[in-house]
Amino acid sequence: MDMLRAVRPALVPALVVVLVACGKTEAPATPAVPPTELAAVSTPPPAYPPEAECSSDGGTTVLRVTIEKDGVPSQVAQAQGSGNDALDKAALEAVRTWTFRAATRNGQPVTHTITVPVTFPPVLEKPTRCFAQGSGT
């Protein structure tokens, strides 16, 4: 028992340090900023190529588009063709002009790659210019 009394005073400072350390709280972590997804801002439809319009061609071109941190497409590549080169070209040209609100992670904009289908429905009523004399259609 005498030995316990001799050791007890030595334990008191250590116990105080442990208790004080337990009472301390760490600075709160910076709150996580929820991510946001990519959003279209301006996506005007492509112009229907006259030759496809007059022949009532339709189809869907699928594009792989990389959107940069500023919301502008940097890479636009054809992933799947529509079967009509003029429709595919019109889709590529149009999507290159589109703008987006960039996706964010931790509050910072990030580059994002998406797949975009561009559909050209077959023209049901041909424009009158398609029947111009000598047009051959």
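Residues: numbered from 1 along the sequence shown. These numbers were taken from a predicted model, which means no experiment stands behind them.
- A donor-acceptor contact shorter than 3.5 Å links the side chain of Thr97 to the backbone of Ala94.
- Shown here for Val123 and Ser56, the closest heavy-atom pair between the two residues is O-OG, 3.1 Å.
- Surrounding CZ of Arg96 are more than 12 heavy atoms belonging to other residues, nucleotides or ligands, all under 6.0 Å away.
- Between the Thr104 side chain and the Thr36 main chain, a donor and an acceptor come within less than 3.5 Å of each other.
- The cluster map of Ile, Leu, Val, Met, Phe, Trp and Tyr, joined by side-chain heavy atoms under 4.5 Å apart, puts Leu87 and Leu92 in the same cluster.
- Taking the side chain as every heavy atom from C-beta outward, Thr61 and Gln80 never approach each other to under 4.5 Å.
- Arg101 and Glu37 are not joined by a salt bridge, as no carboxylate oxygen comes within less than 4.0 angstrom of a charged side-chain nitrogen.
- Of the possible donor and acceptor atoms, one in the side chain of Trp98 sits under 3.5 Å from a partner among the backbone N and O of Pro44.
- Shown here is Asp85, whose CG atom has no more than 12 heavy atoms of other residues, nucleotides or ligands within 6.0 Å.
- Taken to the nearest 0.5 Å, the CD1 atom of Ile67 stands 10.5 Å off from the CD atom of Gln75.
- Side-chain contact between Leu63 and Gln78 is present, with heavy atoms from C-beta onward closer than 4.5 Å.
- A heavy-atom distance below 4.5 Å is not found between the side chains of Pro49 and Lys89.
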Distance-only criterion, 3.5 Å: show the donor-acceptor pairs between side-chain atoms of residues 106-120 and protein atoms not counting sequence neighbours.
{"residue": "Thr111", "atom": "OG1", "partner": "Glu68", "partner atom": "OE1", "Å": "3.3"}
{"residue": "Thr113", "atom": "OG1", "partner": "Thr66", "partner atom": "OG1", "Å": "3.1"}
{"residue": "Thr119", "atom": "OG1", "partner": "Thr60", "partner atom": "OG1", "Å": "3.0"}

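- Remark: Glu125 CD to Cys130 SG distance equals 10.5 Å, nearest 0.5 Å.
- Atom SG of Cys54 is separated from atom CZ of Phe131 by 8.0 Å, given to the nearest 0.5 angstrom.
- Taking NZ from Lys126 and OG from Ser55, the interatomic distance works out to 7.0 Å, rounded to the nearest 0.5 Å.
- In terms of modelled atom types and a separation under 3.5 Å, the side chain of Tyr48 and the main chain of Ala90 share no donor-acceptor contact.
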